[in-house]
Every structure is written in C-alpha cells, then in structure tokens.
Undergrad: 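Structure below; questions to follow.
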Amino acid sequence: MKLPIKVALGFIAAALALAACSPLRTINALTPTSTYSKTANVPYGPHPRQKLDIYTPLDGKGTAPVVVFFYGGSWNSGERLDYEFVAEALASRGMVAILPDYRLYPDVRYPDFLTDSAQAVAWAAKEASRHGGDPKQLFVMGHSAGAYNAAMVALDKRWLGQQGMSPTALRGWIGLAGPYNFLPIRNPDVKPVFFHPDTPPESQPINQVTRLAPPALLIAPQDDDLVNPARNTGMLAKALREAGVPVTEIYFDKVNHVTLAGSLSRPLRYFAPTLDEITRFVEQESMRPKDPA
C-alpha cells in the first residue's frame, strides 16, 4: 500500500532533522533539473575547496538577480553538492544561484572562511554577467553557519574590502537561522573554530552593524534548539532597525533549525513559505533605488 504523499514527505522531513548528508541527497534526487543550466567546479581561488557552481535559470529574460548561497555545518562540514535543491529553488524563481564551498575547521579557523566567502562574492560580482546574472543585483544568503558567513560579508567591511569591494555593492542579504550573537560559545564543536575562550568580540555580526549595512531578510524557526532565535535573529534585527537599516524579520512555527533550509525544496515547501519570502525580498530590493551614501 502506498503512503499518502504528506506522510511520505513527513518521513523525509524527519530524516532531514536527524541527519545531514543522506537526506539532503534524497531531497536532491527528488528535485528537478529542468529549470536551470549548471556550470560546475569553477575555481574562485587556488585551494581545492575554493570552487563554486553556478545555476542559471533556463527561462531567464535578460539579466537576473544573483544570489551567493553559503551552507551551514558548524564551519567543520558541508559540501555544495548537498544543496542543489537550494540552487534549483532560486533558479526556478529567476535568480542566478552561486554555491561555493569554503575552507573548514580543522584546516582553518576564524576568519579564514570569511576570506573565502568574500572571495566567492567578489568572483560573482566580476563574473556573474557571463552566466546571465546582473552584478548590480547581487545578494548573499546563508543557512546556519552559512548565514553567519553571509552576515559578516554584508556587515563587516573588512572582508569585501580585501577584495576591493564594499558591502554597499550588495543589494541585500538573507539569513536563515543564523548565529549572529553567540558569545559565550556553548557548542563544543564550534569552540575551537573561534578560539574559545578568547573569541574576539569583532567576530560577532551584531557588533558590526552600521547605518551603511545593506537591507536584510532574517528568517528563523519560532523554536530552534541549536541557534536561539530571540538572541540571534531577534537581537540582530533590533540592532539593524535602530541603525536605520531596512530589515524584514520572519519566524515560522512548523520548521526547526534544519527543516527551515529543507523548506526551500519542492518536496518540503508545504512546511513554510520560505522561498516565497526570499523571492519577494529579492524582487523588492532589486527594484529599490540604491542609497547614494
């Protein structure tokens, strides 16, 4: 007897919540490849993990917004190939999706993965037009640790500054269940990444907010037992608003830390309208006149 579709999808969601690699590959197997063309294994730096994939919408008209997506994994795990479902989601809504790998602990610690992240964004700014993207409509996005990377690229001018760019080149940034205000560090896997107990305060996105920060879309689960949404998403949103930065703050009650990312996939979109909110934000900010400051 066949399981009802929602029951089957529920099993996928449960598996996704319990593990990382295999369920993500299962979701990718259920994700169509008919919405994009893919250019794979493009180097943006000399290290073997400094490579990225580009997903260009097949039905794109003219130049499209460009979204550089960073996956999570506590800065010690993750592969861009596991997140093809994210790229397909973005491409299906008319965005050029760029998914880079970046160096991980124990090979590197903070802030080397931010150097990689900024280098990937700089590559996108220079090369996206060759893949149907508009570098003037450039966004960064991430989930969990990847949302931290996106936040630091968008808020801390040091990283794009090393690439001859400024965060003002970004139209906006999108964070999904990101850690933005996580001192003191409690996760034992994360402590050595940030030199605990000597973690520098400037490593925290909340300490990098200025009035020049690009607009933000911050999405989190209502309940998250890995990254506290009130302390991280809520407090960063408050700091951005107080600095006069446009910010959209959204909480969903049917997802957890992991399935929030999963809700971007076609099989699990009934959990939350995450993709709809991202699409709305990208379209809105792409049309907004840029502040000359």
Undergrad: Are Tyr148 and Phe182 an aromatic pair, judged by ring center distance below 6.0 Å?
TA: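 Yes.
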
Undergrad: Looking at Asn232 and Asn181, would you say the former's side chain and the latter's main chain have a donor-acceptor pair under 3.5 Å?
TA: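 Yes, the answer is positive, given that a donor and an acceptor are paired below the 3.5 Å cut-off.
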
Undergrad: Looking only at atom types and distance, does a side-chain atom of Ser166 sit under 3.5 Å from a main-chain N or O of Thr168, one as donor and one as acceptor?
TA: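 Side chain of Ser166 to backbone of Thr168, a donor-acceptor pair under 3.5 Å: yes, one is there.
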
Undergrad: Please name the pair of heavy atoms, one in Ala124 and one in Val66, separated by the smallest distance, quoted to 0.1 Å.
TA: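 Closest heavy-atom pair between Ala124 and Val66: CB-CG1, 4.5 Å.
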
Undergrad: Could you go through Asp101 and Gln50, starting from their C-alpha distance and side-chain angles, then the distance that decides it, and tell me whether this counts as side-chain contact (heavy atoms from CB on, under 4.5 Å)?
TA: CA-CA 6 Å; Asp101 280 331; Gln50 292 175 326; over 6 Å; no

Undergrad: Would you say the side chain of Pro214 lies within less than 4.5 Å of the side chain of Phe139, judging by non-hydrogen atoms?
TA: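 They are not in side-chain contact.
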
Undergrad: For residues 238-246, which side-chain donor-acceptor pairs fall under 3.5 Å, sequence neighbours excluded?
TA:
unit_1: Lys238; atom_1: NZ; unit_2: Glu242; atom_2: OE2; d: 2.6
unit_1: Arg241; atom_1: NH1; unit_2: Glu249; atom_2: OE1; d: 2.9
unit_1: Arg241; atom_1: NH2; unit_2: Glu249; atom_2: OE1; d: 3.3

Undergrad: Do the side chains of Leu24 and Leu81 join up, straight or via other hydrophobic residues, at under 4.5 Å, putting them in one cluster?
TA: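 Cluster IDs for Leu24 and Leu81 differ.
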
Undergrad: Apply side-chain contact (heavy atoms from CB on, under 4.5 Å) to Thr39 and Thr56, showing your working.
TA: CA-CA 8 Å; Thr39 305; Thr56 302; 5.7 Å; no

Undergrad: With a 4.5 Å cut-off on side-chain heavy atoms, are Leu170 and Val121 touching?
TA: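 Val121 reaches Leu170 side chain to side chain.
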
Undergrad: A side-chain contact here means heavy atoms from C-beta on lying under 4.5 Å apart; do Pro267 and Phe85 qualify?
TA: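 Counting from C-beta outward, Pro267 and Phe85 never come under 4.5 Å.
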
Undergrad: State, yes or no, whether a side-chain contact exists between Pro57 and Val96 at a heavy-atom distance under 4.5 Å.
TA: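 Contact flag for Pro57/Val96 side chains = yes.
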
Undergrad: Would you mind reporting whether Ile278 and Leu264 have side-chain heavy atoms less than 4.5 Å apart?
TA: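 Yes, their side chains come closer than 4.5 Å.
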
Undergrad: Val153 and Ala118: which non-hydrogen atoms are nearest, and at how many Å?
TA: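 Minimum heavy-atom contact is CG2-N, 4.0 Å.
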
Undergrad: Can a salt bridge be assigned to the pair Arg158 and Asp156 using a cut-off of 4.0 Å between side-chain N and carboxylate O?
TA: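 Counted as a salt bridge, because a side-chain N and a carboxylate O are separated by less than 4.0 Å.
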
Undergrad: Backbone N or O of Gly73 within a donor-acceptor pair of the Ser77 side chain at under 3.5 Å?
TA: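 Yes, the answer is positive, given that a donor and an acceptor are paired below the 3.5 Å cut-off.
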
Undergrad: CZ/Phe70 to CD1/Ile174 distance, rounded to the nearest 0.5 angstrom?
TA: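 Rounded to the nearest 0.5 Å, the CZ-CD1 separation comes to 12.0 Å.
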
Undergrad: How far apart are the closest heavy atoms of Gly94 and Pro65, and which atoms are they?
TA: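 Scanning both residues, the minimum pair turns out to be O-CD, 3.7 Å.
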
Undergrad: Quick check for you: to the nearest 0.5 Å, what is the distance between Asp112 atom CG and Leu104 atom CG?
TA: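 The CG atom of Asp112 sits 11.0 Å away from the CG atom of Leu104.
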
Undergrad: Quick check: does any side chain N or O of Thr210 sit under 3.5 Å from a backbone N or O of Leu212, one acting as donor and the other as acceptor?
TA: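 Between the backbone of Leu212 and the side chain of Thr210 there is a qualifying donor-acceptor contact (under 3.5 Å).
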
Undergrad: For residues 187-197, please give each side-chain donor-acceptor pair under 3.5 Å, one per line with the distance, not counting sequence neighbours.
TA:
unit_1: Asn187; atom_1: OD1; unit_2: Asp189; atom_2: N; d: 2.9

Undergrad: Return yes if a side-chain donor-acceptor contact under 3.5 Å exists between Thr31 and Asn28, otherwise no.
TA: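 Result is no, nothing qualifies.
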
Undergrad: Taking atom NZ of Lys51 and atom CG of Asn41, what is their separation to the nearest 0.5 Å?
TA: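 Result: 5.5 Å between the selected atoms.
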
Undergrad: How many angstroms lie between CZ in Arg49 and CG in Asp116, if you round to the nearest 0.5 Å?
TA: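 Nearest 0.5 Å value for the CZ-CG distance: 9.0 Å.
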
Undergrad: Would you check if Leu58 and Ser37 make a side-chain contact, meaning some heavy-atom pair closer than 4.5 Å?
TA: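 Side chain of Leu58 against side chain of Ser37, heavy atoms only: contact under 4.5 Å found.
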
Undergrad: Going by ring pair (Phe, Tyr, Trp, His ring centres under 6.0 Å), name the residues that satisfy it together with Tyr36, two or more places apart in sequence or in a different chain.
TA: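 Here the qualifying residues are Tyr55.
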
Undergrad: Applying side-chain contact (heavy atoms from CB on, under 4.5 Å) to Trp173 and Met141, what does each step give before you reach the verdict?
TA: CA-CA 6 Å; Trp173 71 279; Met141 170 181 165; over 6 Å; no

Undergrad: Looking at every non-hydrogen atom in both residues, tell me the closest pair between Ser144 and Gly72 and how far apart they are.
TA: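 Scanning both residues, the minimum pair turns out to be CB-CA, 4.2 Å.
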
Undergrad: Please name the pair of heavy atoms, one in Met165 and one in Ala122, separated by the smallest distance, quoted to 0.1 Å.
TA: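 Between these two residues, the closest heavy atoms are SD-CA, 3.5 Å.
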
Undergrad: Between Leu218 and Thr248, is any pair of side-chain heavy atoms under 4.5 Å apart?
TA: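 Counting from C-beta outward, Leu218 and Thr248 never come under 4.5 Å.
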
Undergrad: Counting only heavy atoms not in Lys38 (residues, nucleotides, ligands), do more than 12 fall under 6.0 Å from its NZ?
TA: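 Enclosed.
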
Undergrad: Do NZ/NE/NH1/NH2 and the carboxylate oxygens of Arg266 and Glu88 come within less than 4.0 Å?
TA: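 Yes.
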
Undergrad: What about Val227 and Ile185, same hydrophobic cluster or not, with Ile/Leu/Val/Met/Phe/Trp/Tyr joined at side-chain heavy-atom distances under 4.5 Å?
TA: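 Different hydrophobic clusters.
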
Undergrad: To the nearest 0.5 Å, what is the distance between CD (Glu283) and CD (Gln137)?
TA: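 Going from the CD atom of Glu283 to the CD atom of Gln137 covers 10.0 Å.
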
Undergrad: State plainly whether one hydrophobic cluster holds both Tyr251 and Ile206, where clusters connect Ile, Leu, Val, Met, Phe, Trp and Tyr through side-chain heavy atoms under 4.5 angstrom apart.
TA: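 No, no single cluster joins them.
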
Undergrad: To the nearest 0.5 Å, what is the distance between CG on Asp223 and NE2 on His257?
TA: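 Those atoms lie 13.5 Å apart.
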
Undergrad: Going by the ring pair (Phe, Tyr, Trp, His ring centres under 6.0 Å) test, name the single residue among Tyr71, Trp75, Trp159, Tyr44 that passes it with Tyr102.
TA: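 In the set Tyr71, Trp75, Trp159, Tyr44, the residue that makes a ring pair (Phe, Tyr, Trp, His ring centres under 6.0 Å) with Tyr102 is Tyr71.
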
Undergrad: Does a side-chain N-to-carboxylate-O contact under 4.0 Å join Arg269 and Asp276?
TA: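 No, no charged N to carboxylate O under 4.0 Å.
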
Undergrad: Please give me the minimum heavy-atom distance between Pro229 and Ala220, naming the atom from each residue.
TA: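 Shortest heavy-atom separation between Pro229 and Ala220 comes out as CB-CB, 4.1 Å.
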
Undergrad: Kindly indicate whether the side chain of Leu99, heavy atoms from C-beta on, has any atom under 4.5 Å from the side chain of Leu52.
TA: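 No - every pair of side-chain heavy atoms lies 4.5 Å or more apart.
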
Undergrad: Is the backbone of Glu285 close enough, under 3.5 Å, to the side chain of Arg171 for a donor and an acceptor to pair up by distance?
TA: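 A pair under 3.5 Å: yes.
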
Undergrad: Applying side-chain contact (heavy atoms from CB on, under 4.5 Å), run through Leu260 and Ile219 and close with a yes or a no.
TA: CA-CA 9 Å; Leu260 176 62; Ile219 302 178; 3.9 Å; yes

